[in-house]
Amino acid sequence: MRGGRAAPAAFAAASAAHLAALLAGVPALAHLTKPVLMPLLAMCVLTRGGPRLLAVALLFGCGGDILLQTGQDALFLLGMGSFAAGHVCYLLLFARRGSPGGARTHRLAGAYAAAWLGALALLWPGLEAGLRAPVALYSLLLTAMALGATRARWRSGAGGALFLLSDTLIAGGLAGWPQAPAPQFWIMLTYLAAQSLLTYGVLACDGGKEEGAGQRPPGPSSAHRPGQSWTAARASTMP
C-alpha cells in the first residue's frame, strides 16, 4: 500500500511546485516539473490497478505538455496531436460505459455543440490561417471527449468541462484575446484539475481495478449481464 500512497503524494507535490513556479515567475522550475506531472498521475492509476488505457491517455498528455512548452509552431501542432490521441483513449474508456440516453443526454450534446461552435466563431478571426483547421478539428474531438465524460461519474464530467476551459484559455492566447495575469498558472491549474478529475472519476467507476484483473471468472448469472459491474459501481454512490 505504500506505493499506492506515494504516487498521489508525489503528484500533489509536483503539481504544487509547478503552480508555485508559474506564480513566482521561475521558468526553470516550471519547465523541470511539467514533464513529470502526467507520468506521476499515471503511476497513481497503475498502483491502484486502474485501466492501462487511462495511463496511456495521461502519457499522451505528458507528450503534449513537453511539446507545447517548446514554443515552436511545428512542435505545437505535434503536441496538439498528442493530446488528441489522449482524448481518443478517454473516448474509448467512456464508450465502454455505454450511453445513458434520454433527454438529458440530448440537452448536454446540444449544449456542448453550441459551446464548440460559439468558441470557434469567436476564435476564428484571431487565429493564424495555418492553425484554424487544426484547432477546429482538435476542439471538436475535445468537445466530444468532454461530452463522453458525462457518462461516467460527476468527477469525470467536471474534468471534461475543465479540460475544455483550459484549452480555450490556450486558444484565446493564440487568437490574441486579453489575458488574465499569470495566464499559464490558470491554464495549468484548470488542466491539472481536469486530468485529476477524469482520472479519479474513471477509477471510481472501475473500482480501481483493471477489468478482469485479480477477479474470479463470472458465473453463469453474470455472463449475460455485461453492464452489471458498471451498474453496481454507480449504485454504490447513491445515498
Side-chain angles (χ1 to χ4, degrees), residues 1-22 29-70 75 78-97 138 141-142 144-146 148-149 151-153 155-164 166-167 170 184 187-215 233:
M1 298 297 293
R2 185 178 302 173
R5 295 173 182 174
F11 172 69
S15 298
H18 182 73
L19 293 173
L22 292 174
L29 180 58
H31 279 73
L32 182 65
T33 52
K34 191 174 185 180
V36 305
L37 296 170
M38 291 305 105
L40 287 173
L41 192 53
M43 284 298 300
C44 297
V45 173
L46 296 176
T47 54
R48 289 187 54 171
R52 292 183 180 89
L53 188 58
L54 177 57
V56 171
L58 294 169
L59 293 179
F60 275 125
C62 174
D65 290 339
I66 294 171
L67 291 166
L68 261 60
Q69 75 176 358
T70 64
L75 294 182
L78 287 176
M80 190 185 299
S82 188
F83 279 119
H87 296 327
V88 171
C89 294
Y90 277 127
L91 280 169
L92 292 173
L93 283 166
F94 297 134
R96 294 175 182 176
R97 280 135 187 88
Y138 171 81
L141 178 60
L142 171 59
M145 184 280 290
R151 296 177 179 178
R153 301 203 177 189
R155 279 175 285 189
S156 294
L162 281 173
F163 217 133
L164 270 175
S166 180
D167 279 9
I170 295 175
Q184 287 299 317
I187 289 169
M188 288 304 298
L189 179 64
T190 50
Y191 168 69
L192 289 170
Q195 291 281 38
S196 299
L197 287 166
L198 286 166
T199 295
Y200 284 99
V202 172
L203 287 176
C205 290
D206 288 2
K209 295 293 184 182
E210 181 75 71
E211 185 176 351
Q215 300 179 9

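Summarising the geometry of Ala194 relative to Gly159, their closest heavy-atom pair is CB-O, 3.2 Å, with the distance given to 0.1 Å. The two residues Ala55 and Leu46 come nearest to each other via the heavy atoms CB-CD2, 4.0 Å. Closest approach of Ser166 and Tyr191 over heavy atoms only: OG-CB, 3.4 Å. Nearest heavy-atom pair across Gly160 and Ala146 is O-CB, 3.5 Å.
With rounding to the nearest 0.5 Å, the separation of OG1 in Thr70 from CG in Asp65 is 11.5 Å. Between the CZ atom of Phe83 and the CG atom of Leu142 there is a distance of 10.5 Å, given to the nearest 0.5 Å. Atom CG of residue Leu164 and atom CE of residue Met145 lie 7.0 Å apart, to the nearest 0.5 angstrom. Remark: Leu54 CG to Leu203 CG distance equals 5.5 Å, nearest 0.5 Å.
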Anything under 3.5 Å between a donor and an acceptor, one on a side chain of residues 33-45, the other on a protein residue two or more places apart or in another chain? List them.
{"unit_1": "Thr33", "atom_1": "OG1", "unit_2": "His18", "atom_2": "ND1", "d": "2.9"}
{"unit_1": "Thr33", "atom_1": "OG1", "unit_2": "Leu29", "atom_2": "O", "d": "2.8"}
{"unit_1": "Thr33", "atom_1": "OG1", "unit_2": "Ala30", "atom_2": "O", "d": "3.3"}

Report, one line per pair, each donor and acceptor closer than 3.5 Å where one atom sits in a side chain of residues 86-93; sequence neighbours left out.
{"unit_1": "His87", "atom_1": "NE2", "unit_2": "Tyr138", "atom_2": "OH", "d": "2.9"}
{"unit_1": "Tyr90", "atom_1": "OH", "unit_2": "Gln195", "atom_2": "OE1", "d": "2.7"}

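Not counting sequence neighbours, the partners of Leu197 by the side-chain contact (heavy atoms from CB on, under 4.5 Å) test are Arg155, Ala158, Leu162. Here Leu67 pairs with Leu75, Leu78 under the side-chain contact (heavy atoms from CB on, under 4.5 Å) rule; sequence neighbours left out.
Between Ile170 and Met80, every side-chain heavy-atom pair lies at or beyond the 4.5 Å cut-off. Side-chain contact check for Cys62 versus Leu58: every heavy-atom pair is 4.5 Å or farther apart.
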